[in-house]
Structure formats: structure tokens, C-alpha cells
Protein chains: 4
Amino acid sequence: MAGVNKVILLGNLGADPEVKHLEGDKVVANLRLATTESYKDRSGNRVENTEWHDLELWDGQAKVAEQYLKKGSQIYVEGKIKSDTWQDDQGNNRKRTKIRVQSFTMLGGKSSGPENPQGGNQGQPAQNPNSNTNMNASSAKAYDGDDNEADDLPF
Amino acid sequence: MAGVNKVILLGNLGADPEVKHLEGDKVVANLRLATTESYKDRSGNRVENTEWHDLELWDGQAKVAEQYLKKGSQIYVEGKIKSDTWQDDQGNNRKRTKIRVQSFTMLGGKSSGPENPQGGNQGQPAQNPNSNTNMNASSAKAYDGDDNEADDLPF
Amino acid sequence: MAGVNKVILLGNLGADPEVKHLEGDKVVANLRLATTESYKDRSGNRVENTEWHDLELWDGQAKVAEQYLKKGSQIYVEGKIKSDTWQDDQGNNRKRTKIRVQSFTMLGGKSSGPENPQGGNQGQPAQNPNSNTNMNASSAKAYDGDDNEADDLPF
Amino acid sequence: MAGVNKVILLGNLGADPEVKHLEGDKVVANLRLATTESYKDRSGNRVENTEWHDLELWDGQAKVAEQYLKKGSQIYVEGKIKSDTWQDDQGNNRKRTKIRVQSFTMLGGKSSGPENPQGGNQGQPAQNPNSNTNMNASSAKAYDGDDNEADDLPF
DNA sequence: TTTT
DNA sequence: TTTT
């Protein structure tokens, strides 16, 4: 029976993306995303609570992430929960949960813009390094291999 | 900085709720929820893929779950991802991820209706055991202690 | 700048789908979906409040809707808000809002199962007319013309 | 039967909030929010498509909006679709759809920070007018009158 | 371990 | 480990 497994996150990267280029043109990027909520406890003190999420992106999206995201980037993410289960050396059942990203959008925050835009002209500073450069890397449709959103880059 | 950490699930329970009544009137329920997606692989064969989620509900919601949900129940859930981290006996960093439920709605499927409705009249079968009895246990707002959704029960 | 425009609905159809087959193999289906919320007013009386949504589905999804949905069907929907604006006869600006469906999933409820399954054998009643027949008609990606979810039908 | 009616938006305000202070301490704010999507048409040209949403906020949230949001502000919104229906002068049935906001979060973008922070010191420019000042105005719980999120302001 |  |  069909179900729903949907995750929506908005937060900041705790580190630069870790990107691996695999055989057969496959690319995978792993991101660490922090979502912080803030509330008042019973004593009226403001408390911050940060949850860290392991994101996994494939192929076109991984390339976009590699080129545009870095530590501190603020992004909006849609994806689904996906767990790996295995047995460790002691024979214990282990489980690791990550978010398989289906789409993401860059928001403003620190460090928007490509790390090294068109590979040159570093003497001329980017016109608006702090502007709200959003960019959408849309749905990956991983199963059927029609993963062509690399053609969807906004330039 | 405020962020967003939102999970939306729709699936079936793999087991009856596990409910613990703690000191001070606190109640916690743990549910195992399966979300199944179905797709065709490259060869055109239909494949089913099930993800299992650990849900945690507190207080008013836990009581509603205890009374109305059981193995097989189909529910719609909103919540957030919440991880526990600790060190195991070998000093390894461990992490366990669960879904802290903020609201849920009972859908049809098997086993709607209370397990043992007001404790009596078992000779008379429930009129419509397979009907689409939905019920909403709304948001828990745990942090500020205004956790009064027990008053929101639909009866 | 990229934004997010996402709608999630779970409710029941108020009428059978209205389907139009257009030139060039295009198909559009219009659905009326009711989402009902129930709450207690200040006096403690339970109140029901129903919102009606106009859904629009295209092509592969429209065909699935035509074949499987009818009045009373319970569905889960993801889509986006889309408005038409025009001037009426009096020169007033008018606006009509609908939900462009990106994916939907059939839940149980009334009237699951095809209206007329494989066109025959009506003497033999469907084995489980009230069973929880879910079915997923996945995302339509209308803009790029790669609208091939008709190939994704679960049979 | 309980249903789901959920809207998630991320975009920018097209104008300053319109706030009305009603009798009995009630406050309502109306916002115009633009969500823009960007895609390539068949010819490979990038196309932008903007949808305008009418948002309605009440009480504590309305006050937060009044103080912190203005034209250009980028926000993340959760809410639900809510329609008004009436008959116009010609006796035609009319319908107007708006988004009843349940929570919102300020993101960076233009014009974060209060319009007039604690009412003074205008000679000293705000230190970081373009910084990523996020702020969460949480769920409004309108029906039951326990609308105390004014106490939840982050200061 | 659910559901179809 | 992010962000404010």
C-alpha cells in the first residue's frame, strides 16, 4: 500500500558538502544540516535546541550542492527518511537514519553564491555576495534513472 | 536562528502501541509505523519498499493512541525528527533517531475504533468495525507545559 | 528567486471527477475535495468545519483519477496553489484559486477500487470492496513535457 | 471525519503588512506573499512564474508581523486554506481564498529586523540590516482562545 | 513488524 | 559542526 514519507527542513550547513564521484557518472553528496528551534522554558529563559540531520543527495542535485553550497549555507529541503540497518562487529543490530533529498532551495544567509564562480576573475569581487541568491534543484526521481535535473540549472 | 524540522507520514502500525505511565501523570507511547512506497524498477517489475519509523507521543496524545490505535491502524502523522546521542559500552558514539509526534489523525484501514470501547457490551459487536473512523489528536506543544489536548478528545 | 508553494490535503471527494479529454492527448480532471476539521468551541460543543478545494489534475494523473476515484473517495494530495485572474463583465478583477495536484494517494474510505474493474465480470462481486486500496499517482512535472507517469500505474 | 488542510509557503512580501486593531484586543494582519518558481520552457528559456497569496494572521502573530515584517521580507509560512463565500450585488456566488497562518519564520532577505526597533536611537543605524534575522512566531491555536504566543516573543 |  |  502506498504511504507518505515526507521531510521538510530549513536550516544551515554545519560543514562543506562531502562529495564523492562514483563510477558510471554517479555522484553523491552528503550534507550536515542544523535545524534550530528556540523557545522559552518554564523560567522564561530562552533556550535553543539544535537537531543535526544527515542529508544525502544524488547526481544532478549533488553537483549543484557541490558547486553552490558550503558551510553556513541556508537551505530549504524536501526529502524522505531513509534508514540503513546492519549488524556491527558484536552482532548488534544497528540503524542509521538519513534524509534522502528530493529537492532543495538555496536561501540567503551566509555564503550563498558559488564557491568559485565560473572559475576565474577573482580580482573582481562578486557584485552582491550577500544577496539572496536562491536556486532550486528540483526533484531527483532516483528510481527510474531519468535524473536529468542537471539540465535545469539556472544558467 | 529559527529553523524548520517537519515530518509528514502516512502509514500503518506494525504493532500495538507501547505505553508507559510515568510519575507525575506523564504518559509516553511508542509506535512503529511503516510507510511503504511502490515503484517500478528498470525491468518494469513492481517493487515495494518499506521504511519503519519510531514514533514517540506524550501525554494526551499518548492516551489517545493507547485507546484507539493498534497493530494495523492507518494514521497520518505530523511531527519532527529528534535524535538521541550517547556513547555505548565500547565508547562509540551512537545515535538513534525518532519522530516526536505533534499531531496525528486516524484513517480507516484495519482496526479503527477503540480496542475495548468503554469497557463493556462485548456481546454486541461494534456496529461498523471497518468504517472510516478518523480522529484528530492535535498538536502537543510540549515545551511550555500547556499540554492540555486531553481536553480535546472528541467525546 | 525560488520559493516554495506546497499544499497537503487529506479528505474526501464531494463528487465524481469531471474529466475532459482535450486535443493532443491532453486530459484534465477536476475534483472537489472536502477537508473537515473538528474542534470544541468555548462551550465545549464539538463543531465541524469543512473546507472545499478545487483540484486540477493533468494527463496521467487525470486518467488515474478518472478510473479510480469517485464521490466519497478518500485521498491524500500534494500540490500547489494556482490562481487564475481575469476581469468579469463589469470590469471587476476576479480571482479563482485552485490546487494543481502534483501527486495523490488513494486511501481507504468509500469507493476504493476502479469503478468498473477490467470492464467485466460484474456477476462476481469485488472481493473486498471496502478494503484499503491505496494507489500512488506520482508527481507530474508538467512543464518539461516528461509527463510519463502513465507508465507508473501499478499494474 | 478529520482531514488535513496544510499549506507551506516560502516567499517575499509584496507590501508592508496591513494591520487592523479590532475591539476586544483582537488584531488581524493581512499580508501579500509572492512565491516564485523558475523553470525552463521547451525552448530552454528560463521562465519565472509568480503566485500571489493572501495571508491572514491574528493576535500575537499579527503583532509580530506588524513589528518585524515589511515589503520585501522573506518568510516561511505554515497555515491552512480558508475560503469566504458570499453573494455579490448581482446575486452571483463569489469565493475568495486566503491562507490562515498558523506559524511563520522570518528568513533573511530584504528588510529583516524591526521597522522601528524599541522606538528609539534612530541616529545610530541598525548594526546589521541585512543579517539573517530569523524569528519564529509559533502556532496560533485560534479556536480555543489560548492564544498566548505573544509571550513567546524572542526577547 | 504494517498494509495491499 | 550551522545560524542569530
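Quick note on labels: first sequence line is chain A, next is B, and so on, each numbered from 1.
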Q) Does A:K71 offer a backbone N or O that forms a donor-acceptor pair with the side chain of A:D16 under 3.5 Å? A) yes

Q: Check the distance between E:dT4's C1' and C:Q74's CD and give it to me in whole angstrom.
A: 16 Å

Q: Round to a whole Å and report the spacing from OH of D:Y76 to P of F:dT3.
A: 21 Å

Q | Nucleotide E:dT3, atom C1' - distance to CD of B:E51 in whole Å | A | 15 Å

**Q.** Interatomic distance, C:M106 CE vs E:dT3 P [rounded to whole Å]
**A.** 19 Å

Q. When the distance from CG of B:L107 to P of E:dT3 is rounded to whole Å, what number comes out?
A. 14 Å

Q: Could you check how far CD of B:E37 sits from P of E:dT4, rounded to whole Å?
A: 18 Å

Q. Out of F:dT2, E:dT2, F:dT4, which has the shortest distance to the side chain of B:K71?
A. E:dT2

Q | Steps toward side-chain contact (heavy atoms from CB on, under 4.5 Å) verdict (C:Q61, C:Q102) | A | CA-CA 9 Å; C:Q61 296 199 332; C:Q102 286 156 336; 5.7 Å; no

Q) For B:D54, what residues pass the side chain to side chain donor-acceptor pair (under 3.5 Å) criterion, not counting sequence neighbours? A) B:R32

Q) F:dT2 base to A:T35 side chain: any donor-acceptor pair below 3.5 Å? A) no

(Q) Distance check needed: F:dT2 P versus A:L69 CG, whole Å only. (A) 16 Å

Q. Which nucleotide, E:dT2, F:dT2, E:dT4, lies nearest any side-chain atom of B:W52?
A. E:dT2

Q. Could a donor-acceptor pair under 3.5 angstrom be found where the side chain of A:T36 meets the base of F:dT4?
A. no

Q: Ignoring hydrogens and angles, tell me if any N or O in the side chain of B:D84 forms a donor-acceptor pair with the backbone of B:R96 under 3.5 Å.
A: no

Q) In terms of side-chain heavy atoms of B:N12, which of E:dT4, F:dT2, E:dT2 is nearest? A) E:dT2

